[in-house]
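The basis for the numbers below is simple: all heavy atoms, side chains too, and nothing from hydrogens, waters or symmetry mates. This structure is a prediction, so every number in the text was calculated from the model and none was measured. Chain A is the first sequence line, chain B the second, and so forth, proteins listed ahead of strands; every chain is numbered from 1.
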Amino acid sequence: MPKLPEVESARAVVEATALGRRIADVDDSDTWECRPHAPGEIGEALVGRRLTAARRRGKSMWCDTSGTGRSATPGPALGLHLGMSGRILVTDADGRLTEGGDYLGRGVAGAGRQADRNPVWVRFALVFEDGGTLRLFDKRRLGRVRLDPEVDALGPDVLDVRVGEFRELVGRGRAPVKARLLDQSVLAGVGNLLADETLWQAGIDPRRRVDELDDDDLSRLHRALRRATRAAIARGGVHTGEVVPHRGRGGHCPRCGAEMACATVGGRTTWWCPVEQV
DNA sequence: AACAATGTTCAGTC
DNA sequence: GGACTGAACATTGT
């Protein structure tokens, strides 16, 4: 379930395994995943080019592309949004995974490592001249592939904002604090689970309006967000959080044992500890 | 078998 | 008119 940490892992894999390989063919036939492009449009723009960089901002990821043999002018960027269930696999000429080619990265034996590789879930693919591939598996089909994605509308990446800027961005307005954390135009990269984990660690009720938070609240929130994000990246996913596994009916706060509360906040299912989060 | 879940987008409301 | 809310979207697991 890709959130920022998974996207960062995928980006690192693409950077390590897919750059510099000449694109010989493109499967962009899935018109939903590749909307609003027509079939063949992405292929036409990319064949003959190479990926030159893999970038990420929040949960958005994209690759820069090189010129072709004829022209040195760089090609369009290739946006690869993983949505909710997207995974990227890179293979070599023999069809084997290139070293590190699983988005989970090294050393993480996540559940579904094999399960999510059903061929029918390949929604987009690059075929390299050397016979290898870069494939986007996306079970739930909420991902998106597009040329020159709009990334300017996104706020700064979670890990790039320091306390001062964080207070300024998050403290503005009067939305519930969780809704603000989820707003990608304010801060890029926080998903539903990471928001819950962060608020639990900071001891803040997700329904609190941001204009009711003081500097100390915002500082704690900032620290908790950085900590939760880095931990999730290091461990290979948001699901490794401290409180995330206790979301769900009958769950209890892993610190105080109180029964977790549940409501819709910011349009998303939200779980929190009604005792410690105030 | 109906429904919850997930992130983004878009239409709508205040 | 900016800030905010809620539903739609596709698909699958429960």
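- Taking only side-chain nitrogens and oxygens, Lys139(A) comes nearer than 4.0 Å to OP1 or OP2 of dG13(C).
- A donor and an acceptor atom, one from each side chain of Ser219(A) and Arg167(A), are located under 3.5 Å apart.
- At whole-Å resolution of the value, CG in Leu142(A) and C1' in dT12(C) are 11 Å apart.
- Evaluated for a side-chain hydrogen bond (donor to acceptor under 3.5 Å, both in side chains) with Thr270(A), the options Lys178(A), Arg207(A), Arg247(A) yield exactly one hit, Lys178(A).
- Rounded to whole Å, the distance from CG on Leu154(A) to P on dT8(B) is 8 Å.
- Rounded to an integer number of Å, the gap from CG of Leu182(A) to C1' of dT8(B) is 12 Å.
- One can place CG of Leu181(A) at 17 Å from C1' of dT8(B), the figure rounded to the nearest angstrom.
- Taking the charged nitrogens against the carboxylate oxygens, Asp30(A) and Arg141(A) do have a contact shorter than 4.0 Å, which makes a salt bridge.
- Following rounding to the nearest Å, Asp196(A) (CG) and dA5(B) (P) show an atom-to-atom distance of 11 Å.
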Within the sub-3.5 Å range, which N or O atoms of nucleotides 1-5 of chain C have a protein N or O partner, and how far apart are they?
from, atom 1, to, atom 2, distance (Å)
dC4(C), OP1, Arg174(A), N, 2.6
dC4(C), OP1, Ala175(A), N, 3.3
dC4(C), OP1, Arg180(A), NH2, 3.2
dC4(C), OP2, Arg180(A), NH2, 2.6

Evaluate the criterion salt bridge (charged side-chain N to carboxylate O under 4.0 Å, His left out) for residue pair Asp157(A) and Arg56(A); output intermediate values, then yes/no. CA-CA 9 Å; Asp157(A) 190 88; Arg56(A) 176 189 69 76; 2.7 Å; yes
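- Arg35(A) comes within 4.0 angstrom of nothing in the nucleic acid, heavy atoms only.
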Dot-bracket encoding per residue of DNA chain B, Watson-Crick/G-U cut-off under 3.5 Å, | denoting interstrand: .|||||||||||||
Please assess Asp27(A) against Arg123(A) for the test salt bridge (charged side-chain N to carboxylate O under 4.0 Å, His left out), listing each intermediate value before the final yes or no. CA-CA 8 Å; Asp27(A) 180 355; Arg123(A) 313 294 185 187; over 6 Å; no
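- Geometrically, Arg255(A) engages Trp200(A) in a cation-pi contact defined by less than 6.0 Å to the ring centre and at most 45° from the axis.
- Taking atom CH2 of residue Trp32(A) and atom C1' of nucleotide dT11(C), one finds them 11 Å apart after rounding to whole Å.
- Between Asp138(A) atom CG and dT12(C) atom C1' the separation is 12 Å, expressed in whole Å.
- Closest to the side chain of Arg140(A), from the set dT9(B), dT11(C), dT6(B), is dT11(C).
- With respect to Arg21(A) and Glu129(A), no salt bridge is recorded, no charged nitrogen being found less than 4.0 Å from a carboxylate O.
- A salt bridge links Asp64(A) with Arg55(A); the closest basic N to acidic carboxylate O contact falls under 4.0 Å.
- Between the side chains of Thr52(A) and Ser66(A), no donor N or O sits under 3.5 Å from an acceptor N or O.
- Atom CZ of Arg141(A) and atom P of dC9(C) are 14 Å apart (whole Å).
- A close approach under 4.0 Å does not occur between any side-chain nitrogen or oxygen of Trp121(A) and OP1 or OP2 of dT11(C).
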